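Everything numeric in this text was worked out from a predicted model, so none of it was measured.
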Amino acid sequence: MSTRTFLRDNGLSLGFGALFLASLVGQAFAGLADFNDRQLARGSQTVGLADYLTSSSFAVDVAENWQSEYLQFFLYVFATVWLIQRGSPESKPLSRVGRETDRDQLLGRHLHRGSPRWARAGGWRTAVFAKSLGLVMAGLFVLSWLAQSVAGVSAYNAEQLSEFGSPVSWGGYLVSADFWNRTLQNWQSEFLAIGSMAVFSVYLRQRGSPESKPVGAEHGVTDESG
């Protein structure tokens with residue numbers, strides 16, 4: 001496979017991977033500047049980039065954003081099995097609500113020669129593979145949520161100690177206003193984004209995008225094919 005072919009075939013993942021790395025680097029430098037400004041404001045010592053990147057302050061900012069994104073995908077993967085939005089390409093048509101038939105899902109006697117091995121295996125392997133996307137998204141959400149809570153309690157306690165306050169335990173932090181303020185401000189933005197996309201895509205179009213219906217499709221048409 002040539003480099004040009006590889007870049008063409010993987011342009012979406014490579015493009016967003018590059019954007020992710022660029023924004024993460026930008027966040028690191030902007031976060032460092034903000035962190036040091038706050039350190040100076042309370043008469044504490046500033047830190048270098050390496051120290052900031054390994055700090056709980058940077059870790060909690062990264063983890064809380066990751067967990068909200070994986071929550072979005074986890075909920076969307078599962079919710080769209082049963083919930084629909086008439087006219088939205090983000091939704092299945094009413095006739096396909098639910099887990100769908102083996103024919104719809106290319107299972108059993110409807111398998112193709114190129115079907116994934118675990119789809120052809122049957123038994124528990126096919127059952128797991130049939131839910132693998134949602135399970136992985138759920139797992140990543142839980143892991144990033146745990147990372148946020150661990151880094152968050154460390155960052156919270158560091159701030160408490162710098163202000164001569166009392167540190168809290170991990171369990172105590174999980175029921176604190178600081179933790180749920182961080183958590184819910186991310187969750188609500190994800191719920192708003194999902195709902196907005198589902199509704200806007202009923203009436204608005206983006207020519208050539210798989211996230212949009214064809215430009216001339218009727219508003220009430222739900223299938224992506226228009």
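Distance CD/Gln148 to CG/Asn186: 7.0 Å, rounded to 0.5 Å. Rounding to the nearest 0.5 Å places CD of Gln45 at 10.0 Å from CG of Leu40. Taking OG from Ser56 and CZ from Phe58, the interatomic distance works out to 12.0 Å, rounded to the nearest 0.5 Å. Atom CZ of Phe78 sits about 8.5 Å away from atom CG of Leu133, to the nearest 0.5 Å. Summarising the geometry, atom OG belonging to Ser68 is positioned 9.5 Å from atom CD belonging to Gln185; distances are rounded to the nearest 0.5 Å. Between Lys92 atom NZ and Trp82 atom CH2 the span is 8.0 Å, to the nearest 0.5 Å.
Residues Val62 and Tyr52 fall within the same hydrophobic cluster, defined by Ile, Leu, Val, Met, Phe, Trp and Tyr side chains chained together at heavy-atom separations under 4.5 Å. Residues Val60 and Leu146 fall into different hydrophobic clusters, defined by Ile, Leu, Val, Met, Phe, Trp and Tyr side chains chained together at heavy-atom separations under 4.5 Å. By the criterion of side-chain heavy atoms lying less than 4.5 angstrom apart, applied directly or through intervening Ile, Leu, Val, Met, Phe, Trp or Tyr residues, Tyr70 is grouped together with Val136 in one hydrophobic cluster. Connection of Trp66 to Leu143 is not established within any shared hydrophobic cluster, with ILVMFWY side chains joined at heavy-atom distances below 4.5 Å, either directly or through further cluster members. Val199 and Met197 are members of different hydrophobic clusters when ILVMFWY side chains are connected at heavy-atom separations under 4.5 Å.
Counted by atom type alone, Thr101 and Asp104 present one or more donor-acceptor pairs between their side chains at under 3.5 Å.
With hydrogens and angles ignored, the 3.5 Å screen pairs a side-chain donor or acceptor of Arg205 with a backbone N or O of Pro214. Put simply, the side chain of Ser91 never gets that close to the backbone of Gly87: no donor and acceptor are under 3.5 Å apart. Remark: side-chain polar atoms of Ser132 are paired, donor with acceptor, to backbone N or O of Phe129 under 3.5 angstrom.
Ring planes of Phe179 and Trp145: perpendicular class, angle over 60° (limits at 30 and 60°).
Arg38 pairs by the salt bridge (Lys or Arg N to Asp or Glu O under 4.0 Å) definition with Asp34, not counting sequence neighbours. Partners of Thr3 under the side chain to side chain donor-acceptor pair (under 3.5 Å) rule, at least two apart in sequence or in another chain, do not exist in this structure.
The shortest distance between side-chain heavy atoms of Val47 and Leu32 falls below 4.5 Å. Side-chain contact between Glu90 and Ile194 is absent, with no heavy-atom pair separated by less than 4.5 Å. Side-chain contact between Leu75 and Phe191 is present, with at least one heavy-atom pair separated by less than 4.5 Å. You'll find the side chain of Gln67 reaches within 4.5 Å of the side chain of Trp187, heavy atoms only. Counting heavy atoms from C-beta on, the side chains of Val168 and Gln160 never come closer than 4.5 Å.
The two residues Val202 and Ala198 come nearest to each other via the heavy atoms CG2-O, 3.4 Å. Closest non-hydrogen pair, Ser88 versus Ser201, comes out as OG-OG, 2.9 Å. A pairwise comparison of heavy atoms in Gly134 and Phe74 identifies O-CD1, 3.7 Å as the closest pair.
Evaluation of the side chain to side chain donor-acceptor pair (under 3.5 Å) test over residues 167-178, restricted to residues two or more places apart or in two chains, returns Ser149-Trp170, Tyr173-Asp178. The side chain to side chain donor-acceptor pair (under 3.5 Å) analysis of residues 105-118, with sequence neighbours excluded, yields the pairs Glu100-Gln105. For residues 43-69, the set of pairs meeting the salt bridge (charged side-chain N to carboxylate O under 4.0 Å, His left out) definition, not counting sequence neighbours, comprises Asp61-Arg182, Glu64-Arg182.
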Between side-chain atoms of residues 15-29 and protein atoms elsewhere (two or more places apart, or another chain), which donor-acceptor pairs fall under 3.5 Å?
unit_1 : atom_1 : unit_2 : atom_2 : d
Ser23  : OG     : Leu19  : O      : 3.0
Ser23  : OG     : Phe20  : O      : 2.9

Intermediate values then yes/no, side-chain contact (heavy atoms from CB on, under 4.5 Å), Phe6 and Leu14: CA-CA 10 Å; Phe6 176 80; Leu14 291 172; 3.9 Å; yes

